[in-house]
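Numbering of ligands and ligand atoms starts at 1, following listing order.
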Amino acid sequence: MNLYDLLAGRFPADRTKPCFLLSDGSEISYGALEDGAAHVAGRLVAQGVQPGDRVALQAEKSPQSIMVYLGVLKAGAVYLPLNSAYTRAEVDYFLGDAEPKTFITDPPAWVTEAMSGPRLDATVARAEGDLASLIYTSGTTGRSKGAMLSHGNLAANALALHAAWGFTPGDVLLHALPIFHVHGLFVALHCALLSGCPMVWLPKFSDAEVLAGLERSTVMMGVPTFYTRLLANPALTRARADNVRVFISGSAPLLPSTFAEFEERTGQRILERYGMSEAVIITTNPLDGERIAGSVGYPLPGVDLRIGDGTEDTGVIQIRGPSVFSGYWRMPEKTAEEFTSDGFFLTGDVGRRDPDGRVWISGRAKDLIISGGYNVYPKEVELVLDELPGVTESAVVGVPHPDFGEGVVAVVMGQGDEAEMIAAARSQLAAYKAPKRIVFVDELPRNAMGKVQKNLLRERYAELFRG
Ligand code: AMP
């Protein structure tokens, strides 16, 4: 069971049909993708790459990267994508840890050379549990860990998403996400390949290019910042979004205000889903059924999800299921710490469930603030602040405080009066939850997937209560 065969088995019978629709008006067909993958696999095998060997890639986004990805799978090797923003020193760590046999940094040139060499037509057989990809988590504390995803993990998730989101060969996916992360690489790409449908392929997000691409797309996947940037452009109108049957968001929390504004502007309710490198997608709002702002919906079929050990209302989300990874690369102890004795993975996200099973996330366990001995969930405070006039978005963190251990600090994107805003928050929240200080900023620091980097905020404001 090699994931490559599952995907290629769904390519359109007519291989001249387009897979990539490029910005310059040109296209790359499914046949060309398949040829590229066969030659990449041929070159890898000729270079001595064996099943299970890692092949690393760090490059700007291009269709050739996808030829490399598929060729690596086809050759039975393990694909290791690296964030194109990583520095040399960071890359050295990954290369040292994963020990890839080959490291590709210029996929277009590498594939061109491969095209003049041998093809590998017979896909190398792999078992369900065999490693397909190693994804280093964007971990903000400690060493970045390589999540080991198998052919079975990726196949199960791809099939579940393809069904849940109603993909058909008639779809056109707008793909503006990076492809070094599970969102762009597995979630988006696999849905398109399993449908044999074309992708409007953008090398990176640009509001103008996305708006132009929407007119010929039926599905868009993005991170929340894509949606806020689209909303900032007056050219986003109902007519512009009309051809799109579903807008999907994930990788970071979608603000209820973004959901509401997007609906007001386009008439469309963004479908939010929740996932992580270690399990790809875990929950999703329904395609048919109510999509609720602030909720990440229901577990995908086959996913067992519980809150804490199952007795708490709010606690760490634990999951078990066919897409959950087998562990961290060469870190057996870390892996053992993150799984319960009955096989549930501790996601590190804190959440709760409604009686009907709908899931709500209140943040990362490590972002929990303990102030004066009381637990403060940043999300609860952020939701109150985000509703106040002048606030675009807020991020609440705990920093060292001489009396309370940690003091609650709100970093607010927007403008206002600190004392008035604290008073407004106090009128809605218990005193210990209300921010003791509010700092106003133009932008919150975010990583490539649009996640607010709370670790940077904690560092930046570490001295706020000490001076
Ligand atoms: P990564 O492994 O880099 O994809 O990061 C996964 C983390 O992103 C999860 O553990 C969550 O904390 C966060 N995340 C992903 N999707 C959502 C979502 N829809 N809402 C809130 N947090 C999310």
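No hydrogens or angles considered: a donor-acceptor pair under 3.5 Å links the side chains of E278 and Y328. Side chains of N285 and R358: a donor on one and an acceptor on the other come within 3.5 Å. For the 3.5 Å distance criterion, the side chains of D171 and T218 qualify, holding a donor opposite an acceptor.
Cation-pi check for K61 over F180 is not met; the charged atom does not lie both under 6.0 angstrom from the ring centroid and within 45 degrees of its normal.
Counting heavy atoms under 4.0 Å from ligand 1, residue M449 does not touch it at all. Of all the heavy atoms of S277, the ones lying under 4.0 Å from any atom of ligand 1 are found in both the backbone and the side chain. Under 4.0 angstrom from ligand 1, the non-hydrogen atoms of A252 all belong to its backbone.
Of all the listed residues (K379, E272, K366), E272 holds the heavy atom that lies closest to atom 18 (C) of ligand 1. Counting only non-hydrogen atoms, the option in I135, T347, D349 that gets closest to atom 10 (O) of ligand 1 is D349. Distances from atom 19 (N) of ligand 1 to the heavy atoms of E278, R273, R364 show the closest one on R273.
By the 3.5 Å distance cut-off applied to N or O atoms, K451 is counted among the residues near ligand 1. Distances between N or O atoms of Y274 and those of ligand 1 include no value under 3.5 Å.
Residue pairs satisfying the ring pair (Phe, Tyr, Trp, His ring centres under 6.0 Å) criterion with at least one member in residues 364-392, sequence neighbours excluded, are listed as follows: Y374-Y432.
Atom OG of S217 and atom CE of M199 lie 11.5 Å apart (nearest 0.5 Å). In this structure, the separation between CG on L174 and CZ on F226 is 9.0 Å, given to the nearest 0.5 Å. Atom CG in L385 sits 9.5 Å away from atom CD1 in I422 (nearest 0.5 Å).
Listed by number with element, the atoms of ligand 1 under 4.0 Å from a non-hydrogen atom of P253 are 20 (N), 21 (C), 22 (N). Here is the list of ligand 1 atoms found below 4.0 Å of a heavy atom in M276: 2 (O), 4 (O), 6 (C), 10 (O).
Using a 4.0 Å cutoff on heavy atoms, H181 counts as a contact of ligand 1.
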